[in-house]
Participant: 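Dumping the structure here so I can ask a few things about it.
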Amino acid sequence: MLILHPNDIPSSEITPLEHYRDRRRFMQGMGILAAGAALGVAADVHAGIKLAGVRASAYKLDENATPYKSVTTYNNFYEFGTGKRDPAENAGSLKTRPWTVAIEGEVGKPGEYDIDALLKLAPLEERVYRMRCVEGWSMVIPWVGFPLHEIIRRAAPTGNARYVEFVTLNDRRQMPGQRSRVLDWPYVEGLRMDEAMNPLTLMAVGLYGEVLPNQNGAPIRLVVPWKYGFKSAKSIVKIRFVEKQPLTAWMKATPNEYGFYSNVNPQVDHPRWSQEKERRIGEFFKRDTLMFNGYGDQVAQLYRGMDLKKFF
Ligand SMILES: Nc1nc2c(c(=O)[nH]1)N[C@H]1C(S)=C(S)[C@@H](COP(=O)(O)O)O[C@H]1N2
Ligand SMILES: [Mo]
């Protein structure tokens, strides 16, 4: 098995880990870590650390970004509780170093990437994406990351690789919400190979130019902006290439409500509510939801000839 460590990929840039050490030293000096320990509350030691060498990209929007505060305190991350504020309050117990992402299944080059090697795999870009939750709210988030196809190309998928499965960490000591049975853990999501290869599909490692806060899926998460938010699996430890369509955590839980594709589509209602409109977090009036969340030019061709009511 191929194990990639940070030193395998040379870089003249300051690594995020060096920032991490600086910040940790700073926080120790301030007594912040000690105060957290005394209260029995774990701190997210990476949040707020600036990512080095982030490039601008062509992925911008003429819409205001949702404030950092909302992006990081209004979250869905059931591994830390089902309330919107739970992830921000509880995700400090997630340890994002050391961290590895396993590449498995129908690939010529299976292996395990150390997270700090992944951070240097491809240039980091800022991409401002519209995000739409199936619950009817949306945000505009300036992610930092690199396209998933950078990983896929290096993995050398075989001809049998038709789908990609994403698996979140499964550890109830770090993820207290996993003690509840709201979902059958670990959280699993999936994409068809061509969806995974699409240039829009991002592996995010940061937001607002900084290391991803734990509640947003640190240290690395998927971001698929033309699909409902739940497709964008957080805190990923495994990427598996498979022949058959993966059974996702939400399909397992409620198959009539959550299909495999889950493309944002104002014409296909959720069985319990309409998807025609959405509330942009921070705004008062609802907006019309856009087909493919406004990314039709880039992705509509992936679904040509498919009945999107049937393949919801
Ligand atoms: N592992 C995991 N990933 C997850 C979820 C989750 O509960 N667990 N929630 C999903 C849902 S429903 C949404 S809307 C987005 C929210 O991402 P954000 O909190 O960064 O905005 O994460 C998705 N990824
Ligand atoms: Mo969601």
Side-chain angles (χ1 to χ4, degrees), residues 1-4 76-79 94 99-115 117-118 121 134 145-172 175 177-178 182-205 212 216-255 257-264 299 302-303 306 311-312:
M1 188 182 261
L2 171 76
I3 313 241
L4 277 174
N76 274 337
F77 199 170
Y78 279 15
E79 284 86 338
L94 176 66
W99 189 280
T100 55
V101 179
I103 308 292
E104 296 182 358
E106 292 290 343
V107 285
K109 293 181 183 163
E112 211 163 68
Y113 282 102
D114 183 274
I115 184 63
L118 272 180
L121 189 76
V134 73
F146 58 87
L148 172 62
H149 64 66
E150 295 280 3
I151 293 181
I152 298 180
R153 183 166 58 80
R154 287 168 176 84
T158 71
N160 292 331
R162 295 184 56 224
Y163 295 89
V164 190
E165 184 178 280
F166 304 87
V167 185
T168 295
L169 179 71
N170 192 16
D171 180 353
R172 54 167 64 189
M175 297 181 141
Q178 288 181 335
V182 271
L183 288 171
D184 186 4
W185 312 107
Y187 196 95
V188 171
E189 259 307 334
L191 294 173
R192 213 171 58 192
M193 193 61 162
D194 56 350
E195 298 176 320
M197 285 297 292
N198 188 278
L200 269 181
T201 305
L202 194 72
M203 294 308 295
V205 298
L212 207 55
N216 294 93
I220 188 162
R221 58 97 52 92
L222 182 66
V223 175
V224 195
W226 73 94
K227 293 176 180 281
Y228 291 116
F230 65 87
K231 296 297 289 182
S232 296
K234 295 177 167 180
S235 305
I236 290 171
V237 294
K238 195 187 293 181
I239 300 176
R240 240 182 116 68
F241 294 76
V242 293
E243 194 167 355
K244 296 209 179 74
Q245 185 178 287
L247 180 59
T248 71
W250 282 108
M251 291 169 79
K252 219 187 222 181
T254 36
E257 296 186 29
Y258 304 109
F260 180 76
Y261 285 94
S262 297
N263 292 315
V264 174
V299 300
L302 297 171
Y303 312 103
M306 282 175 73
F311 298 101
F312 63 99

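We number each residue from 1, following the sequence as shown. Heavy atoms only: backbone and side chains are in, while hydrogens, waters and symmetry mates are out.
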Participant: Check whether any side-chain heavy atom of Leu94 sits under 4.5 Å from a side-chain heavy atom of Ser235, and report yes or no.
Facilitator: yes

Participant: Indicate yes or no for a side-chain donor-acceptor contact from Thr201 to the backbone of Val224 under 3.5 Å, with no hydrogens or angles considered.
Facilitator: no

Participant: Under 4.5 Å between any side-chain heavy atoms of Trp99 and Val237, yes or no?
Facilitator: yes

Participant: Any side-chain heavy atom of Val205 within less than 4.5 Å of one from Leu118?
Facilitator: no

Participant: Give, for atom NZ of Lys227 and atom OG of Ser232, the distance between the pair rounded to the nearest 0.5 Å.
Facilitator: 9.5 Å

Participant: Can you name the one residue among Ile239, Asp114, Val167 that meets side-chain contact (heavy atoms from CB on, under 4.5 Å) with Val101?
Facilitator: Ile239

Participant: Which residues pass the side-chain contact (heavy atoms from CB on, under 4.5 Å) test with Leu302, sequence neighbours left out?
Facilitator: Arg192, Asp194, Glu195, Asn198, Trp226, Val299

Participant: Is the shortest side-chain heavy-atom distance between Leu247 and Val188 below 4.5 Å?
Facilitator: no

Participant: Work out which heavy atom in Leu200 is nearest to a heavy atom in Pro225; give both atom names and the distance.
Facilitator: O-CD, 4.0 Å

Participant: For the atom pair CZ (Arg153) and CG (Leu148), what is the distance rounded to the nearest 0.5 Å?
Facilitator: 12.0 Å

Participant: Rounded to the nearest 0.5 Å, what separates atom CG in Leu222 from atom CD in Glu189?
Facilitator: 8.0 Å

Participant: Is there side-chain contact between Arg172 and Trp185, with heavy atoms separated by less than 4.5 Å?
Facilitator: no

Participant: Which heavy-atom pair separates Ala233 from Phe166 by the least distance, and what is that distance?
Facilitator: CB-CB, 4.4 Å

Participant: Compare every heavy atom of Met203 with every heavy atom of Ile236, then report the nearest pair and how far apart it is.
Facilitator: CD1-CE, 4.0 Å

Participant: Do Trp250 and Tyr78 have ring centres separated by under 6.0 Å?
Facilitator: yes

Participant: Please name all residues satisfying side-chain contact (heavy atoms from CB on, under 4.5 Å) with Val242, sequence neighbours left out, ordered by chain then number.
Facilitator: Tyr163, Arg240, Pro246

Participant: Output all residues satisfying side-chain contact (heavy atoms from CB on, under 4.5 Å) with Ala218, sequence neighbours left out; order by chain, then residue number.
Facilitator: Thr96, Leu212, Asn214

Participant: Would you compute the distance between atom CD of Glu257 and atom CZ of Phe312 and round it to the nearest 0.5 angstrom?
Facilitator: 9.0 Å

Participant: Is the shortest side-chain heavy-atom distance between Leu121 and Arg154 below 4.5 Å?
Facilitator: yes

Participant: How long is the straight-line distance from CD1 of Ile220 back to CD1 of Ile115, given to the nearest 0.5 Å?
Facilitator: 4.5 Å

Participant: Tell me whether Lys252 forms a cation-pi arrangement with Tyr258, defined as NZ or CZ under 6.0 Å from the six-membered ring centre and within 45 degrees of its axis.
Facilitator: no

Participant: Could you check whether any side-chain heavy atom of Phe241 comes within less than 4.5 Å of a side-chain heavy atom of Asn160, counting everything from C-beta outward?
Facilitator: no

Participant: Is the backbone of Asn76 close enough, under 3.5 Å, to the side chain of Lys234 for a donor and an acceptor to pair up by distance?
Facilitator: yes

Participant: Do Phe146 and Ile151 make a side-chain contact, defined as non-hydrogen atoms from C-beta onward lying under 4.5 Å apart?
Facilitator: yes

Participant: Keeping Lys231 on the side-chain end and Gly190 on the backbone end, is there a donor-acceptor pair under 3.5 Å?
Facilitator: yes

Participant: Restricting to non-hydrogen atoms, name the atom on Pro186 and the atom on Ala249 that form the minimum distance, rounded to 0.1 Å.
Facilitator: O-CB, 4.5 Å

Participant: Output the distance between atom CD1 (Ile152) and atom CG (Leu191), rounded to the nearest 0.5 Å.
Facilitator: 8.5 Å

Participant: Search all heavy atoms of Pro157 against all heavy atoms of Met193 and return the closest pair with its distance.
Facilitator: CG-CE, 3.4 Å

Participant: Tell me whether Gln178 contacts the main-chain N or O of Asp171 through its side chain, where contact means a donor paired with an acceptor under 3.5 Å.
Facilitator: yes

